[in-house]
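Single-structure report; data block below.
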Amino acid sequence: MKIIKTLKISTILYLLIPSVLFLLTWIHLWIGIPCVIFTIFYTWKTLQKTTFSTHETFISLPTFLLCLGISIALNYVLGIGEFRPQTYDFQANNFKYYDLITHQLPVYYAEQKTYLCYYTGYYLPSALLAKVFGIETCRYFSFVWSVFGMWLVFLWISTFAHKNIIGLLTIVLLFANTWFVIKLLINFAYFQEHLQPYYIQLNQFKLITSPLIKNYAWATQHTIPACLGVCVSIDNFRTKTDLKYLLLMLLSTMFWSPLTAVGLFPFVAFYFLKDAKNLFSSKSKEDLILIMFLILSFTPLLLYFVSTEGIHVNNTEFIWQTGVKFWWVFYLIYAVSNFIIWGFFLNHSKNQYKILWKIAVIFPCLIAIYRIGIYNDFNIRVSFPSFFMLSILIGISVVEKMNLKSLIGVGIMLLIVLNSLANLNHVKNTFDYEKLLTTIEKPFIFKAKNMLEFQRVAYGDESAVLEYSLKKNSVFEKYFLKK
């Protein structure tokens with residue numbers, strides 16, 4: 001079956017749904033409804049003008065079903081839908097679902113006297129359905145919602161290979177950071193103080209690279225939009241660039257995860273810079289006007305995120321402010337072992353997506369110098385789109401170009417297999433868990449009654465509460481928030 005047209009339409013509608021729901025439930029309707037109407041009009045105009053036939057791909061029914069099967073298995077094994085034990089982050093995630101279901105929207109915490117300010121795009125569709133059908137149904141809605149998203153991702157990936165689709169999907173699934181470098185260095189006294197089993201820690205400054213399986217298990221809300229955004233970016237490289245579609249994709253990921261949107265930004269910016277001359281030509285005046293009004297339609301969301309109490313001096317710093325004398329040594333270990341080494345391989349294999357893998361190598365190395373958040377989620381989540389991009393491009397080079405009998409071929413495959421042990425170990429460990437820690441119906445733990453109370457008790461830090469709180473008297477609260 002022809003798949004590219006279906007994927008493009010399905011992907012943008014899937015990513016867009018949470019933003020539309022936000023505009024209809026969180027802000028004054030006299031603002032939200034016009035924004036939604038224009039966004040729908042923009043989407044229709046964009047899909048109407050999008051060229052699908054220049055690079056149409058056929059996918060066989062077995063491949064179609066294989067991708068669905070992988071998505072179902074991934075979500076089931078990692079605990080989505082509460083069929084199996086979940087990672088500790090779901091203690092917080094289940095509270096997000098619970099608060100969205102049991103509170104009126106926008107969510108207001110009376111005891112803390114603040115509104116929720118957080119990217120709840122992943123949770124909102126399932127939560128709204130559960131408001132209608134009962135909180136006990138939310139786990140099933142979340143499972144279907146997640147399965148569909150990752151099904152789209154695996155279908156996209158299957159279109160990037162001309163042969164050995166199974167090989168490409170396997171590499172992308174198992175591709176992981178070079179954790180064993182840290183495992184080796186941690187045995188030396190010089191490194192021990194600042195190395196943890198899988199990451200680098202310079203006092204409060206963490207440098208962590210999260211591969212697909214771990215990122216999905218711990219942060220599903222960040223992973224799905226990142227993966228879809230990367231796939232769209234790759235597809236635009238091999239077809240005529242569609243700037244209107246790319247911008248809509250980028251803005252649609254924002255309510256899922258503003259950190260993911262930041263991580264995707266350099267790839268989208270590249271296409272805009274590449275096509276800037278055409279964008280500002282007289283023939284593109286209509287497109288330019290549409291783009292300007294689309295950005296205006298997403299302004300409420302932008303204002304919502306900049307109105308958070310979560311960014312403050314206590315959880316931000318540059319890497320050279322950590323107090324570690326030889327911080328640059330650990331920075332180089334992180335940058336070279338996780339990103340730069342793959343740049344050398346992709347250059348050697350003459351990978352056709354040259355500018356994309358260069359961005360994917362350079363950008364995460366740049367953002368690694370600054371920390372935002374208690375656990376530096378800024379670094380982990382913003383770097384993930386680049387890391388996922390590398391996994392796909394490396395997989396393409398391996399299955400289509402590399403001579404697996406050559407010395408370099410053997411070395412690269414050995415490195416990929418060795419790295420993948422971390423992912424396999426994570427999956428194995430999930431079978432050691434005996435039961436669910438909490439559920440959406442009963443998220444209560446540490447005597448917490450809502451998300452903010454949980455943050456305070458779980459982290460023992462008031463700044464963790466601020467990360468979910470709307471700034472009082474902000475522009476968003478004064479002029480946009482529906483009360």
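From a predicted model like this one, the values you see are computed outputs, not experimental measurements.
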A quick test of your reading: do over 12 heavy atoms of other residues, nucleotides or ligands sit less than 6.0 Å from [atom1] of [X]?
| X | atom1 | answer |
| --- | --- | --- |
| Y199 | OH | yes |
| Q204 | CD | no |
| W328 | CH2 | no |

Distance, nearest 0.5 Å, that separates CG of L16 from OG1 of T43: 5.0 Å
With sequence neighbours left out, write down each residue that passes ring-ring contact (aromatic ring centres under 6.0 Å, His included) with F148, or none if nothing qualifies.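 With sequence neighbours excluded, F148 shows a ring-ring contact (aromatic ring centres under 6.0 Å, His included) to Y14, given in chain and number order.
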Residues at least two apart in sequence or cross-chain that pass ring-ring contact (aromatic ring centres under 6.0 Å, His included) with F175, listed by chain then number, are W342, F387
Please find the pair of heavy atoms, one from [X] and one from [Y], that lie closest to each other, and give the distance.
| X | Y | value |
| --- | --- | --- |
| P364 | I359 | CD-O, 3.8 Å |
| L259 | V382 | O-CG2, 3.5 Å |
| M389 | A360 | CG-CB, 3.9 Å |
| I208 | S383 | O-OG, 4.4 Å |
| Y118 | F305 | C-CE2, 4.2 Å |
| V465 | L452 | CG2-O, 3.6 Å |

List the steps, then state whether side-chain contact (heavy atoms from CB on, under 4.5 Å) holds for F330 with L207. CA-CA 9 Å; F330 296 94; L207 287 173; 5.6 Å; no
Set of side-chain hydrogen bond (donor to acceptor under 3.5 Å, both in side chains) partners for [X], sequence neighbours left out:
| X | result |
| --- | --- |
| Y98 | none |
| D99 | Y109 |
| S386 | none |

Under the 3.5 angstrom rule, does the side chain of [X] hit a backbone N or O of [Y] as a donor-acceptor pair?
| X | Y | value |
| --- | --- | --- |
| D377 | I372 | no |
| D235 | C231 | no |
| Q48 | W44 | no |
| N376 | F205 | no |
| S71 | L68 | no |
| S10 | L7 | no |
| N236 | V232 | yes |
| T299 | I295 | yes |
| K131 | I101 | yes |
| S474 | S307 | no |

Could you walk me through whether E286 and K45 pass the salt bridge (Lys or Arg N to Asp or Glu O under 4.0 Å) test, one step at a time? CA-CA 11 Å; E286 180 185 333; K45 288 285 287 185; 3.3 Å; yes
Name the residue from W320, Y331, F318 that meets the ring pair (Phe, Tyr, Trp, His ring centres under 6.0 Å) definition with Y370. F318
Just to verify, which of F90, F444, Y88, F95 counts as forming a ring pair (Phe, Tyr, Trp, His ring centres under 6.0 Å) with F454?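 With F454 as partner, ring pair (Phe, Tyr, Trp, His ring centres under 6.0 Å) holds for just one option, F95.
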Let me check something: any side-chain donor-acceptor pairs from residues 133-143 under 3.5 Å, sequence neighbours excluded? List them with distances.
{"unit_1": "T137", "atom_1": "OG1", "unit_2": "G134", "atom_2": "O", "d": "2.6"}
{"unit_1": "R139", "atom_1": "NE", "unit_2": "G81", "atom_2": "O", "d": "2.9"}
{"unit_1": "R139", "atom_1": "NH2", "unit_2": "G81", "atom_2": "O", "d": "3.3"}
{"unit_1": "S142", "atom_1": "OG", "unit_2": "C138", "atom_2": "O", "d": "3.4"}
{"unit_1": "S142", "atom_1": "OG", "unit_2": "R139", "atom_2": "O", "d": "2.8"}

Begin from the C-alpha positions of Y468 and T308 and carry the test side chain to side chain donor-acceptor pair (under 3.5 Å) through to its verdict. CA-CA 7 Å; Y468 288 80; T308 177; over 6 Å; no
Min side-chain heavy-atom separation [X]-[Y] under 4.5 Å:
| X | Y | result |
| --- | --- | --- |
| L481 | L470 | yes |
| T46 | Y42 | yes |
| P443 | M451 | no |
| L105 | L100 | yes |
| F388 | L212 | yes |
| K447 | E453 | no |
| L243 | D287 | no |

Are side-chain N/O atoms of [X] and [Y] paired as donor and acceptor at under 3.5 Å?
| X | Y | answer |
| --- | --- | --- |
| N177 | T209 | no |
| S19 | W256 | no |
| T322 | N203 | no |

Using ring centroids (six-membered ring only for Trp), state whether [Y] and [X] fall under 6.0 Å.
| X | Y | value |
| --- | --- | --- |
| H222 | Y216 | no |
| Y119 | F255 | no |
| F339 | Y334 | yes |
| W26 | F22 | yes |

Option passing side chain to side chain contact (heavy atoms under 4.5 Å, CB included) with F476 (candidates V306, I27, L302): I27
Verdict with reasoning, I37 to F41, per side-chain contact (heavy atoms from CB on, under 4.5 Å): CA-CA 6 Å; I37 291 173; F41 172 74; 5.5 Å; no
Given W156 and T11, is the side chain to side chain donor-acceptor pair (under 3.5 Å) satisfied, shown in steps? CA-CA 10 Å; W156 269 117; T11 296; 2.9 Å; yes
Ion pair present between [X] and [Y], side-chain N to carboxylate O less than 4.0 angstrom?
| X | Y | result |
| --- | --- | --- |
| R371 | E317 | yes |
| E477 | K483 | yes |
| D242 | K8 | no |

Step by step, would you call L264 with M249 a side-chain contact (heavy atoms from CB on, under 4.5 Å)? CA-CA 10 Å; L264 291 170; M249 176 275 292; 4.0 Å; yes
Before giving the answer on side-chain contact (heavy atoms from CB on, under 4.5 Å), spell out for V230 and I234 the whole-Å C-alpha distance, their side-chain angles and the decisive distance to 0.1 Å. CA-CA 6 Å; V230 165; I234 294 175; 4.1 Å; yes
Whether Y115 and Y108 hold their rings parallel, tilted or perpendicular, with breakpoints at 30° and 60°: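 Y115 and Y108: tilted rings.
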